[in-house]
A.B. asks: 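Here it is: the structure, laid out below.
Counting convention: from 1, in listed order, for ligands and their atoms alike. Computed from heavy atoms alone, side chains included, the values below leave out hydrogens, waters and symmetry copies.
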Amino acid sequence: MCYAIPGKVVGLKKNIATVDYFGEQRTVLNEFQEIEIGDYVYAQGGVLINRIAKKEAKEILDFWKDKFFELKKIDRKLSDVENIDASPCLLEILQKINLKKRLTEDELQSLIMLKDKEELKLLYETANNIRQKEHDNACCVHGIIEFSNYCKNNCFYCGIRKDKDIKRYRMKVDDIINTAKKAVSEHGFKALVLQSGEDDYYDETKLMKIVTEIRKLNVLIFLSIGQRSEEVYKRLFETGARAVLLRFETSNEDMFSKLRPGTSLKERIQLIKDLKEMGYILATGFIIGLPGETNKDTINNILLTRSLGADMYSFGPLIPTAGTPLADHPKQLKDSILKIISITRFVDRQSKILVTTALETLNKDAKREGLSAGANSLMINITPKNCAELYSIYDNKAGMTENINRTIKDTVELLYSIGRAPTDLGI
Ligand code: 5AD
Ligand code: SF4
């Protein structure tokens with residue numbers, strides 16, 4: 001199973017390598033490997049993570065040779081925009097998008113308010129077309145390990161908030177490392193997200209051990225462990241973690257302080273900025289549909305994500321969850337999330353946009369629909385089943401009941417069916 005295509009190093013300047021994939025070249029940062037021109041390597045998120053033997057690379061590339069171009073052809077065909085009628089106002093905005101002009105906040109608002117089915121179709125197709133132009137058919141597929149459902153916080157929306165009476169678990173350090181080893185050796189993952197509630201049981205020493213050992217597997221390590229001190233994050237970067245997933249949740253200060261008692265939006269945003277500054281690949285974003293949220297808030301959320309320099313946008317619908325203060329809050333509609341995916345693609349053409357589990361929870365077909373509305377990243381849950389079931393940040397979480405091999409197979413089949421290559425071809 002491969003989640004990344006090996007590329008051949010064709011240029012080297014200090015720690016910047018140029019990597020060739022069937023004639024397409026990408027530059028990647030090399031901090032970890034001794035390499036020379038002619039070597040075969042894997043890159044994730046623009047970071048060179050592994051060098052592999054020529055024989056192995058050639059075997060994989062032999063498989064990919066035809067598939068690579070075949071998938072691109074399918075994707076290109078599916079990314080055409082059908083000519084349909086739309087209001088002059090929408091056509092004018094789409095024209096501006098095609099000319100790569102920045103949209104005003106009013107224009108973004110008018111896109112959020114679209115309701116007409118045909119116009120929505122046009123919106124999604126236009127976003128998908130831009131995704132194809134900017135990223136071709138590459139789609140990141142990261143594995144996620146949810147290693148603890150303890151959390152010291154009490155976010156109103158969250159099913160593992162401190163005050164909720166649920167069965168708690170903490171994976172042992174060795175079990176986390178072994179789960180990562182299995183994800184790499186059996187399933188071929190090249191990037192792993194390590195996620196938990198904000199759980200200080202995993203102190204700097206434990207986290208460093210986890211990162212040190214998983215780094216040896218030559219994978220891109222994403223940390224999703226909540227707010228820790230700048231020092232801890234610095235040490236973990238030095239140890240080999242290269243990406244973080246930390247949402248700011250909402251850009252509205254009032255909503256933030258009501259929904260996340262005892263925490264501050266300013267501090268969270270400062271930390272996100274510090275992490276970016278430290279050199280982490282940044283995944284951040286927000287929840288859609290929190291109580292009191294207006295369309296203006298949503299637009300502000302997208303614009304804040306961009307201004308933080310997000311490499312990957314992570315946002316999804318609020319899933320009202322039993323036993324939390326927001327249990328009775330209305331559910332989001334799938335189209336309201338797909339619209340935000342498309343608008344995000346217009347606002348930040350270069351970004352990676354994740355189809356989140358929350359969206360999949362809302363709708364079974366969401367992976368395909370999200371990827372066809374401008375998104376280009378996925379995560380597969382590889383947490384051992386007994387733990388995954390307890391990591392219940394919201395009710396009926398998608399991707400938990402199936403077995404991992406099945407989920408991977410289904411995901412790869414889905415990607416192939418829409419012409420996407422589960423690969424990361426650099427920045
Ligand atoms: N619905 C949707 N997303 C949620 N999160 C937590 N609870 C919910 C919920 N009920 C999200 C938060 C957090 C991420 C790990 O999960 O945005 O950052
Ligand atoms: Fe903890 Fe994150 Fe849930 Fe808030 S959203 S309670 S910080 S796990």
Side-chain angles (χ1 to χ4, degrees), residues 142 144-166 168-170 193-202 222-228 244-252 255-265 267-269 271-272 275 282-291 293 298 301 304-305 308 310 312-334 336-337 340 354-363 366 379 381 383 387-388 390-400:
H142 299 340
I144 176 162
I145 304 173
E146 298 155 338
F147 63 89
S148 160
N149 71 351
Y150 281 82
C151 186
K152 64 179 182 195
N153 292 325
N154 244 329
C155 306
F156 275 28
Y157 39 84
C158 181
I160 63 169
R161 64 200 300 267
K162 187 175 92 194
D163 286 354
K164 193 162 174 228
D165 184 18
I166 53 165
R168 304 277 169 177
Y169 73 90
R170 284 185 174 119
V193 183
L194 304 174
Q195 189 170 80
S196 67
E198 243 172 74
D199 184 3
D200 291 334
Y201 166 82
Y202 299 90
F222 260 88
L223 299 172
S224 178
I225 53 175
Q227 280 175 253
R228 303 288 177 126
V244 282
L245 168 56
L246 184 69
R247 290 179 174 179
F248 54 83
E249 313 288 11
T250 170
S251 57
N252 180 316
M255 280 166 58
F256 188 99
S257 46
K258 273 189 203 126
L259 296 170
R260 298 184 46 97
T263 68
S264 125
L265 178 62
E267 280 171 23
R268 196 163 175 96
I269 294 209
L271 176 61
I272 294 173
L275 295 170
L282 176 65
T284 187
F286 46 90
I287 301 182
I288 301 166
L290 291 171
E293 187 176 303
T298 311
N301 287 343
L304 176 59
T305 315
L308 290 168
M312 182 186 274
Y313 286 63
S314 166
F315 54 77
L318 168 74
I319 310 284
T321 292
T324 69
L326 303 190
D328 297 325
H329 196 68
K331 265 194 180 161
Q332 288 295 295
L333 298 173
K334 180 191 65 182
S336 59
I337 313 301
I340 309 299
L354 193 63
V355 175
T356 52
T357 317
L359 178 55
E360 290 179 48
T361 301
L362 208 63
N363 185 282
M379 284 186 191
N381 196 330
T383 312
C387 297
L390 299 175
Y391 198 83
S392 46
I393 36 180
Y394 35 78
D395 291 338
N396 309 314
K397 201 163 131 235
M400 290 208 308

A.B. asks: Nearest protein heavy-atom contact for atom 13 (C) of ligand 1: which residue, which atom, what distance?
C.D. replies: Glu249 OE2, 3.4 Å
A.B. asks: Taking 2.8 Å as the cut-off, does an N/O/S atom of Cys155 lie below it from atom 4 (Fe) of ligand 2?
C.D. replies: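 Here the distance criterion (N, O or S atom, under 2.8 Å) is met by Cys155, so yes.
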A.B. asks: Please confirm whether Gln227 approaches ligand 2 to less than 4.0 Å, judged on its heavy atoms.
C.D. replies: no
A.B. asks: Just by distance, do the side chain of Asn153 and the backbone of Cys155 share a donor-acceptor pair under 3.5 Å?
C.D. replies: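 No, because the side chain of Asn153 does not come within donor-acceptor range (under 3.5 Å) of the backbone of Cys155.
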A.B. asks: Can you list the atoms of ligand 2 that are under 4.0 Å from a heavy atom of Tyr157?
C.D. replies: 5 (S)
A.B. asks: Specify whether the nearest protein heavy atom to atom 4 (Fe) of ligand 2 is under 4.0 angstrom away.
C.D. replies: yes
A.B. asks: What heavy-atom pair brings Glu249 and Arg268 nearest, and what distance separates the two atoms?
C.D. replies: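 Minimum heavy-atom contact is OE2-NH2, 3.6 Å.
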A.B. asks: Can you tell me the protein heavy atom closest to atom 7 (S) of ligand 2 and the distance?
C.D. replies: Asn153 ND2, 3.4 Å
A.B. asks: Which ligand 2 atoms, with their elements, are less than 4.0 angstrom from a heavy-atom of Arg260?
C.D. replies: 4 (Fe)
A.B. asks: Check ligand 1 against Cys158 and write out every atom of the ligand that is under 4.0 Å from a heavy-atom position of the residue.
C.D. replies: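 That gives atoms 7 (N) of ligand 1.
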A.B. asks: Please check if the side chain of Tyr394 supplies one atom and the backbone of Ala358 the other of a donor-acceptor pair under 3.5 Å.
C.D. replies: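 It does hold such a pair.
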A.B. asks: Is it the case that ligand 1 has an N or O less than 3.5 angstrom from some N or O of Gln195?
C.D. replies: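 No, no N or O pair falls under 3.5 Å.
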A.B. asks: Go through ligand 2 atom by atom and flag the ones less than 4.0 Å from a non-hydrogen atom of Cys151.
C.D. replies: 1 (Fe), 6 (S), 7 (S), 8 (S)
A.B. asks: Quick one: does Tyr201's side chain get under 4.5 Å of Lys152's, heavy atoms only?
C.D. replies: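 Heavy-atom side-chain distance check fails, nothing below 4.5 Å.
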A.B. asks: Which residue and atom name correspond to the protein heavy atom nearest atom 8 (C) of ligand 1, and how close is it?
C.D. replies: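 The protein heavy atom lying closest is Tyr394 CD2, 3.6 Å.
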A.B. asks: Enumerate the atoms of ligand 2 whose separation from the nearest heavy atom of Gly197 is less than 4.0 angstrom.
C.D. replies: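 Going through ligand 2 atom by atom, the ones under 4.0 Å from Gly197 are 8 (S).
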A.B. asks: Which of the atoms in ligand 2, numbered in the order shown and given with their element, are less than 4.0 Å from a heavy-atom of Ile160?
C.D. replies: 8 (S)
A.B. asks: Give me the ring orientation class for Phe315 and Phe286: parallel if the planes are under 30° apart, tilted from 30 to 60°, perpendicular past 60°.
C.D. replies: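 Parallel.
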A.B. asks: For atom 6 (C) of ligand 1, grab the closest protein heavy atom and report residue, atom and distance to one decimal in Å.
C.D. replies: Tyr157 CD1, 3.6 Å
A.B. asks: Give the atom numbers and elements of ligand 1 that come within less than 4.0 Å of a heavy atom of Pro317.
C.D. replies: 1 (N), 2 (C)
A.B. asks: List the atom of Ser196, the atom of Tyr391, and the distance in Å for their closest heavy-atom pair.
C.D. replies: C-OH, 3.5 Å
A.B. asks: Closer than 4.0 Å to some heavy atom of Thr321 - which atoms of ligand 1 meet that?
C.D. replies: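 Within the 4.0 Å cut-off of Thr321, ligand 1 contributes 10 (N).
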A.B. asks: Under the side chain to side chain contact (heavy atoms under 4.5 Å, CB included) test against Leu390, which residue among Ile160, Ile166, Asn149 passes?
C.D. replies: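 For Leu390, the side chain to side chain contact (heavy atoms under 4.5 Å, CB included) test succeeds with only one of Ile160, Ile166, Asn149, which is Asn149.
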A.B. asks: Could you tell me whether the side chains of Arg247 and Ser314 share a donor-acceptor contact shorter than 3.5 Å?
C.D. replies: yes
A.B. asks: Between Asn381 and Thr383, does any side-chain donor sit less than 3.5 Å from a side-chain acceptor?
C.D. replies: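 Yes, Thr383 and Asn381 have a side-chain donor paired with an acceptor closer than 3.5 Å.
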A.B. asks: Return the minimal non-hydrogen interatomic distance between Lys162 and Arg168, and the atom names on each side.
C.D. replies: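 Looks like O-NH2, 3.4 Å.
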A.B. asks: Counting each atom of ligand 1 from 1 as listed, which ones have a heavy atom of Arg247 under 4.0 Å away?
C.D. replies: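 Result: 11 (C), 12 (C), 17 (O), 18 (O).
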